[in-house]
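Values below: all heavy atoms of this structure, side chains included; hydrogens, waters and symmetry mates excluded. Numbering starts at 1 and runs along the sequence shown. What you see is a predicted model, and the numbers here were worked out from it, not measured in a lab.
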Amino acid sequence: MTEKAENPSTPPRRRAPAMDPDQRRAMIVAAALPLVVEYGASVTTAKIARAAGIGEGTIFRVFEDKDALLAACMAEAVRPDDTVAHLESIALDQPLADRLAEAADVVRGHLGRIGAVAGALAAAGRLERMAPKPGKDGRLPDREASLVRPRAALAALFEPDRDRLRLAPERLADAFQLTLMSAGRLGAPDPLTTEEVVDLFLHGALVAPREAR
């Protein structure tokens with residue numbers, strides 16, 4: 001029985017272009033992040049490799065060891081790029097309360113991802129090893145960097161209403177960011193909703209005199 005000849009008009013399959021080390025690292029971290037949240041530091045590199053669709057040995061061609069991979073996952077969770085992009089895409093022609101509600105959901109989602117990864121590593125006693133070391137001023141450089149760019153994007157959301165604000169947009173952005181961080185703390189028994197956070201921030205804790213009657 002003769003084999004069927006290959007159709008000469010069918011173009012040969014081409015391999016996907018090879019990734020450079022940075023692309024490979026990013027791809028592995030993207031596959032590892034949800035597994036770290038689910039399994040913590042006990043997740044195996046074999047499981048991560050399966051999720052990434054690669055051989056386990058490929059992980060160790062771009063990461064020195066498993067701790068280096070876990071540290072990269074923590075750094076990726078903290079990285080604010082996607083959060084800033086979402087904040088910058090919020091339409092400025094909306095009312096201020098709607099802008100802030102949309103921004104609050106974005107920032108709280110980012111903080112939740114950080115908390116999920118940090119919590120998973122802390123439960124296994126690995127967070128301290130993964131965390132960046134403070135600089136000479138006592139600040140954590142990665143943490144500061146993760147706050148500065150979102151804060152600037154938040155300030156831009158206040159800018160259209162500058163003429164009727166009690167404080168400069170930059171100061172309000174700083175206060176709003178701190179409010180969101182406090183409202184989103186882990187373990188809160190009855191966390192504030194996004195609508196409650198925005199309403200309290202814009203109008204304070206007291207009801208209007210007409211409503212208080």
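- A 4.5 Å side-chain heavy-atom check between Ile54 and Arg24 finds at least one atom pair inside the cut-off.
- Using a distance-only test at 3.5 Å, with no hydrogens or angles considered, a donor-acceptor pair links the side chain of His86 to the main chain of Asp82.
- Put simply, the side chain of Gln94 reaches to within 4.5 Å of the side chain of Glu102, judged on heavy atoms.
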CA sep, side-chain torsions, deciding dist, call: Leu87, Val107, side-chain contact (heavy atoms from CB on, under 4.5 Å): CA-CA 8 Å; Leu87 292 175; Val107 173; 4.2 Å; yes
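- Below 30°, between 30° and 60°, or above 60°: for Phe201 and Phe158 the angle between ring planes is between 30° and 60°, a tilted geometry.
- Atom CG of Leu202 and atom CG of Leu200 lie 9.5 Å apart (nearest 0.5 Å).
- To the nearest 0.5 Å, atom CG of residue Leu157 and atom CD1 of residue Ile90 are 5.0 Å apart.
- Side-chain contact check for His110 versus Pro150: every heavy-atom pair is 4.5 Å or farther apart.
- Rounded to the nearest 0.5 angstrom, Thr45 OG1 and Phe60 CZ are separated by 4.0 Å.
- Here the closest non-hydrogen pair linking Cys73 and Leu33 is O-CD2, 3.5 Å.
- The closest side-chain heavy-atom distance from Thr44 to Tyr39 is not below 4.5 Å.
- Residues Pro160 and Arg99 are in side-chain contact: their nearest non-hydrogen atoms beyond the backbone lie under 4.5 Å apart.
- In this structure, the separation between CE on Met19 and OG1 on Thr58 is 10.5 Å, given to the nearest 0.5 Å.
- Here the closest non-hydrogen pair linking Ile28 and Ile48 is CG2-CG2, 4.1 Å.
- Side-chain contact check for Met74 versus Ile114: some heavy-atom pair is nearer than 4.5 Å.
- One N or O on the side chain of Asp65 and one on the backbone of Ala68 form a donor-acceptor pair closer than 3.5 Å.
- The pair Asp105-Arg108 does not count as a salt bridge, with every side-chain nitrogen at least 4.0 angstrom from each carboxylate oxygen.
- In this structure, Gln177 contributes its side chain and Leu147 its backbone to a donor-acceptor pair below 3.5 Å.
- Looking at Thr194 and Val197, their side chains never come closer than 4.5 Å, going by heavy atoms from C-beta outward.
- Between Lys47 and Val43 the shortest heavy-atom distance is CD-CG2, 4.0 Å.
- When all heavy atoms of Pro169 and Glu159 are compared, the pair lying nearest together is CG-OE1, 3.5 Å.
- Taken to the nearest 0.5 Å, the CG atom of Leu100 stands 11.5 Å off from the CG atom of Asp199.
- In the hydrophobic clustering of ILVMFWY residues, with side-chain heavy atoms under 4.5 Å counting as a link, Val148 and Val84 come out apart.
- A donor-acceptor contact shorter than 3.5 Å is absent between the side chain of Glu88 and the backbone of Ala85.
- Note on Asp22 versus Arg25: salt bridge recorded, some NZ/NE/NH1/NH2 to OD/OE distance being below 4.0 Å.
- The two residues Leu35 and Ala51 make their nearest non-hydrogen contact at CD1-CB, 3.8 Å.
- Using a 4.5 Å heavy-atom threshold, the side chains of Val29 and Phe63 count as touching.
- The two atoms that bring Leu92 and Ala156 nearest to each other are CD2-O, 3.9 Å, heavy atoms only.
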